[in-house]
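Order of the sequence lines fixes the chain letters, A, B, ..., with proteins taken first and strands second; residue numbering starts at 1 for each chain. All values below were derived from every heavy atom in this structure, side-chain atoms included, with hydrogens, water molecules and symmetry-related copies excluded.
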Amino acid sequence: MTSDEARLASGWRRSSWTRNLLLAGGPVVGAVLASMLLLWLLGRDPIEFYRNVVQSGLLSTFGLQESINRAGPLLVISAGLVLAFKANIWHLGIDGCFLLGAVLAAGVGPLLYQHMFNPLLLIILGLLGAIAGALWSAPPAYLKAKYQVNEIVTTLIMTSTGVLFAQFLVKAVFQDPVSKAAAQTRVLPMDERLPRLFGTRIHLGVVIGLVVVLGAHYFITRTPVGMRLQIMGANIRAARHFGFNTDRLGYLSFYLGGALFGLAGALSIIGDWGVVGEGWNPAWGFLVVPLVFLARKNALSSIIFVAAFSVLSIGGELATRRAGLPNDFQLVILGLVLLFMTISEWLYAAHERNTAHLTKHRKQAGSEGEVGLGKDTSVTDTLVRDA
Amino acid sequence: MSDLISASFLTAVFVSMLSYGIPVLLAAIGQTIDQRAGVLDIGVEGTMLIGCYVGFAAAYEFDSIWIGFLAAAVAGAVVSLVVIVLHIRLRLDVVVIGIATVILAQGTTSVLFNVQYASKYPRLGAPLRVAIPWLSEIPVIGPAVFNAHPVMYGTLILALVVAWMLKSTRFGLNLRAAGDSPEALDRSGVSVLGTRAAAHGFAGAMAGLAGGYMVLVSAGVFVPLMVNGAGFVALMVTMLARGRMALVGIGSLLFGGALALVTALQLAGINIPSDLIQLLPFAMLILVLFTFSGRAGLPPYLARPYERGAR
């Protein structure tokens with residue numbers, strides 16, 4: 001048996017396993033190493049930095065609970081991104097929708113809570129955020145469906161507009177009359193926020209996030225409409241040929257994405273903050289995008305990356321402060337992840353081309369063809385299939 | 001109120017309109033060439049930010065605004081290599097690379113500024129002003145438009161040159177062919193990749209210059225994340241103008257004008273929340289889109305890498 005035949009006989013499953021592991025893990029490891037090099041060049045202790053990240057984001061009880069809370073809204077955002085990206089809708093207007101959802105929840109919540117019992121109030125606030133996010137996605141959706149205007153740029157414009165409009169709402173509409181020093185909304189009292197679980201600081205937000213991610217995954221992979229969205233994302237001409245109404249599917253994807261971004265904003269308020277102050281904008285949108293790419297647009301695998309990022313996000317606050325760096329250092333790490341990811345995609349595609357005679361056989365054996373950012377298989381997918 | 005609408009007040013509004021509008025115009029000139037050649041550069045926001053930082057650092061260290069401009073343009077061209085290699089040559093997704101560029105640029109400039117200058121917050125000297133004789137004596141407009149930094153005059157001249165180049169030269173035709181019909185360009189013996197690389201290198205240098213103008217002439221200080229969406233606006237203006245330089249110019253200056261209005265109303269003491277006015281130019285863009293999008297005219301091969309023989 002030649003070595004080629006041996007590799008064939010060992011089956012395509014394992015190679016697709018290692019492939020996915022390498023394509024997802026490689027960029028992360030590369031980015032961590034590159035950022036350590038950067039830290040060293042800046043005269044900081046790279047080992048100390050990452051020890052601080054893990055120590056305060058994962059190993060300390062307080063930090064772990066904060067990380068878990070942080071993951072809630074991020075999971076909802078990533079579910080929204082999956083629903084958009086799978087349909088090949090590049091909805092990048094995350095921060096605008098998020099902030100509008102957050103401001104509405106923080107603005108309306110404190111006005112309503114005395115007239116209403118708790119679960120209903122929180123449901124209304126979540127819905128309000130979702131509706132705001134969906135409405136804010138309507139102009140790009142319309143422009144795309146009607147005139148094929150590129151949605152990347154329109155959603156970016158909508159996000160700038162949304163952030164400014166949300167700031168305006170804080171100052172002009174929902175301004176707390178008591179606090180004169182800095183503009184902020186009224187505060188939603190602690191008792192009215194999401195319930196904490198088992199006497200810890202962890203609140204229901206992470207559960208909601210997980211449910212939304214599972215729901216999004218089920219919707220996109222197991223329902224007819226979800227299938228149609230995927231087909232449209234893979235090949236819009238084929239989708240039209242099948243007779244799908246691609247305009248309507250496009251609207252759906254925009255609205256679902258936007259609604260989840262808005263819901264994430266509301267969740268962030270009714271879970272963690274309870275108030276929106278002047279100039280508050282966590283700008284998580286562009287940070288979750290790389291995570292979803294890394295998860296190959298698969299909602300289930302994005303859980304892993306969101307969890308890792310939550311730890312980095314919470315632990316990074318202390319680690320960057322101790323290293324005397326701005327919190328924006330996290331942007332460097334995530335940017336590196338994204339850059340290394342595109343490069344590893346290319347390396348893998350080049351490898352595939354060089355072993356073209358093998359690929360042919362493997363295709364017969366049932367493997368997926370070449371990998372590209374458009375094709376979605378993931379570590380978790382393989383896990384599920386092999387189980 | 002009446003003495004607020006004085007000549008000097010209006011001049012200040014014009015000055016502020018140009019200081020916001022010219023960087024957008026600089027970037028948009030580059031983007032026009034880039035998009036005509038079929039490259040969609042989401043990363044322009046990040047390239048501008050790097051231009052800001054490098055321009056600022058060079059101007060501060062060498063104590064010369066001209067060296068600052070040079071360094072900003074070179075930095076922009078260097079950043080453009082990322083897209084040239086990864087997208088144009090290796091055919092990777094330009095949108096992902098663009099987002100990576102933006103995130104990386106935001107993180108790196110913010111960290112570097114914090115490490116090097118945060119304790120001092122240095123300010124650059126006032127930029128050079130060159131008054132054009134006769135014209136600068138026109139009331140109101142004269143002191144604003146004809147008594148400005150030489151790079152501003154250069155920008156306006158460059159816009160005309162680029163418009164002429166795109167329309168009437170062989171190279172301009174090649175550029176448009178690279179976006180409209182790369183296969184035809186390839187068959188006529190001109191390298192598609194080379195043409196696109198040249199276009200994108202120019203666009204990168206222009207984005208760097210735009211950042212340089214922002215920090216060296218308009219602001220005088222570097223603030224992390226100071227580009228604040230201007231790059232995306234340049235991208236949008238270019239898409240709307242569909243290659244027509246007159247529209248690029250009008251769009252950029254309108255955007256600058258809307259931002260200048262913020263300053264003007266604040267100076268006039270009119271108490272409208274500044275967010276609402278800052279939002280105006282963006283809302284305007286969306287409205288313009290709703291009105292004029294019927295005649296979409298983007299190059300059909302925009303953001304699609306070229307591979308010989310591929311279908």
Side-chain angles (χ1 to χ4, degrees), chain A residues 38 42-44 90 92 139-140 142-143 146-150 152-154 156-172 183 283 286-287 289-290 293 320 324-343 345-346 349-350 372-374, chain B residues 40 42 45-46 82 86-87 90-93 95-115 118 224-225 228-229 231-233 235-236 238-240 272-283 285-287 289-290 292-296 298 302-303:
Chain A
L38 265 177
L42 290 171
R44 268 54 172 194
W90 290 83
L92 298 180
Y142 174 80
L143 288 168
K146 187 99 197 235
Y147 302 123
Q148 289 85 48
V149 180
N150 186 307
I152 298 171
V153 183
T154 46
L156 286 175
I157 298 283
M158 284 311 280
T159 217
S160 308
T161 324
V163 169
L164 288 168
F165 189 58
Q167 308 284 9
F168 164 73
L169 286 180
V170 170
K171 285 179 211 159
F286 259 22
L287 302 179
V289 170
F293 285 145
T320 46
L325 293 172
N327 211 7
D328 290 337
F329 190 73
Q330 293 174 21
L331 288 172
V332 178
I333 301 175
L334 277 174
L336 285 170
V337 168
L338 206 49
L339 202 62
F340 282 123
M341 192 191 73
T342 56
I343 295 172
E345 290 284 340
W346 175 76
L373 276 175
Chain B
L40 177 69
I42 305 285
E45 173 92 6
V82 176
L86 292 182
H87 169 65
L90 299 181
R91 300 192 290 272
L92 293 167
D93 193 329
V95 177
V96 181
I97 300 168
I99 297 174
T101 313
V102 175
I103 302 179
L104 263 178
Q106 290 179 339
T108 329
T109 53
S110 166
V111 168
L112 283 179
F113 178 76
N114 199 283
V115 170
L225 310 187
N228 202 11
F232 295 135
V233 170
L235 206 61
M236 193 81 240
T238 314
M239 284 189 155
L240 282 175
I272 303 174
S274 59
D275 305 300
L276 202 61
I277 310 166
Q278 279 178 33
L279 182 152
L280 273 180
F282 296 106
L285 273 177
I286 295 286
L287 277 183
L289 273 172
F290 268 97
F292 294 110
S293 289
R295 292 157 285 157
L298 288 177
L302 186 64

B:L279 CG to A:S160 OG distance, which is reported to the nearest 0.5 Å
9.5 Å
Portion of B:L86 that has a non-hydrogen atom of chain A nearer than 4.5 angstrom
side chain
What is the distance from atom OG1 of A:T342 to atom NE2 of B:H87, rounded to the nearest 0.5 Å?
12.0 Å
Would you say the side chain of A:Q330 lies within less than 4.5 Å of the side chain of B:I103, judging by non-hydrogen atoms?
no
CG/B:N114 to CZ/A:F329 distance, rounded to the nearest 0.5 angstrom?
12.0 Å
What part of A:P326 gets closer than 4.5 Å to chain B, counting heavy atoms only: side chain, backbone, both or neither?
both
Please report the closest heavy-atom contact between B:V111 and A:V332, naming both atoms and the distance.
CG2-CG2, 4.3 Å
Working to the nearest 0.5 Å, report the span between CZ of B:R91 and CH2 of A:W346.
10.5 Å
Using heavy-atom distances under 4.5 Å, tell me whether A:L336 contacts chain B through its side chain, its backbone, both, or neither.
both
Check whether any side-chain heavy atom of A:L92 lies under 4.5 Å from a side-chain heavy atom of B:I99, and answer yes or no.
yes
Closest heavy-atom pair and its distance - A:G335, B:A100:
O-CB, 4.1 Å
With chain B, which of A:L287, A:I152, A:N327, A:L338 has the greatest number of heavy-atom pairs at distances under 4.5 Å?
A:L338
Please classify the contact between B:L92 and chain A as side chain, backbone, both or neither, with a heavy-atom cut-off of under 4.5 Å.
side chain
Indicate yes or no: at least one non-hydrogen side-chain atom of A:I343 is less than 4.5 angstrom from one of B:L90.
no
Between A:M341 and B:V96, is there a side-chain heavy-atom distance shorter than 4.5 Å?
yes
With a 4.5 Å limit on heavy-atom distance, are the side chains of B:V102 and A:F286 in contact?
yes
Which atoms form the tightest heavy-atom contact between B:F232 and A:I157, and what is the distance?
O-CD1, 4.5 Å
d(B:I42 CD1, A:W90 CH2) to nearest 0.5 Å is 9.0 Å
If I take atom CG from residue A:D328 and atom CG from residue B:L225, how far apart are they, to the nearest 0.5 angstrom?
5.5 Å
